[in-house]
Amino acid sequence: MEKNFYEQVFEVARLVPKGRVTSYGAIAKALGAGGSARMVGYAMSTAGLAQPSVPAHRVVNSSGLLTGKFHFSTPELMQQLLEQEGVVVVNDKIKNFKDIFWNPLDEL
DNA sequence: GGATTGACGTGTC
DNA sequence: AGACACGCCAATC
């Protein structure tokens, strides 16, 4: 552990390619945190304060639901950003989530 | 330094 | 299918 847990989370979150999404649990696992998926989400809450903007909109829960959209400037921002990248969002949930899901472990 | 918290995950009812 | 409960682990108060 040379970096803080937060920084590691931010790092992985920034690695998410455009038009793709990942889940908190996947990131946690990629960091070796395993079941500490909550920490990932918690870290993301500070992502807004992180200097290199973190694409938190590309990170959703395992169901592909935009759980953290309320933490953005505006709840609509998250969905808008995703749609901008070609991600289809329906009813606050990502369509074809499994299809566009980006696994950090696949890159790491 | 103990208790609380939390943008989660999985399993049950 | 929707709601509820418990578990995990680190940061913050």
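Residue numbers start from 1 in every chain, and the chains themselves are labelled A, B, ... in the order their sequence lines are given, proteins ahead of strands.
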Review point. Looking only at heavy atoms, what is the nearest atom pair of A/Trp102 and A/Thr22, with distance?
Key: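 Taking every non-hydrogen atom into account, O-OG1, 3.0 Å.
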Practice item. Determine the minimum heavy-atom distance between A/Gly25 and A/Ala37, stating which atoms define it. Key: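 Residues A/Gly25 and A/Ala37, closest heavy atoms: CA-CB, 3.7 Å.
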Considering every strand and a 4.0 Å limit on heavy-atom distances, what is the contact class for [X]: base, sugar-phosphate, or nothing?
X       : answer
A/Phe72 : base
A/Ala43 : nothing
A/Ser45 : base
A/Tyr24 : base

Check your understanding: How far does CD of A/Gln79 sit from CZ of A/Phe72, to the nearest 0.5 angstrom?
Key ->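 So the gap between those two atoms works out to 11.5 Å.
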Review point. Going from CD1 on A/Ile27 to CD on A/Glu11, what distance comes out if it is rounded to the nearest 0.5 angstrom?
Key: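 Interatomic distance, A/Ile27 CD1 to A/Glu11 CD, rounded to 0.5 Å: 11.5 Å.
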Atom pair distance, as rounded to whole Å: [atom1] in [X] and [atom2] in [N]:
X       : N      : atom1 : atom2 : answer
A/Met39 : C/dG7  : CE    : C1'   : 13 Å
A/Phe5  : C/dC8  : CZ    : P     : 15 Å
A/Arg38 : C/dA10 : CZ    : C1'   : 11 Å
A/Met44 : C/dA11 : CE    : C1'   : 16 Å
A/Asn91 : C/dA1  : CG    : P     : 14 Å

Exercise for review: Using distance alone, with no hydrogens and no angle criterion, decide if A/His57 and A/Glu85 have a side-chain donor and acceptor under 3.5 Å apart.
Suggested key: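 Side-chain D/A pair, A/His57 to A/Glu85: present.
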Review point. Which is the 5'-most and which the 3'-most nucleotide of DNA chain B that has an atom under 4.0 Å from a heavy atom of chain A?
Key: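 The contacted stretch runs from B/dG6 to B/dT10.
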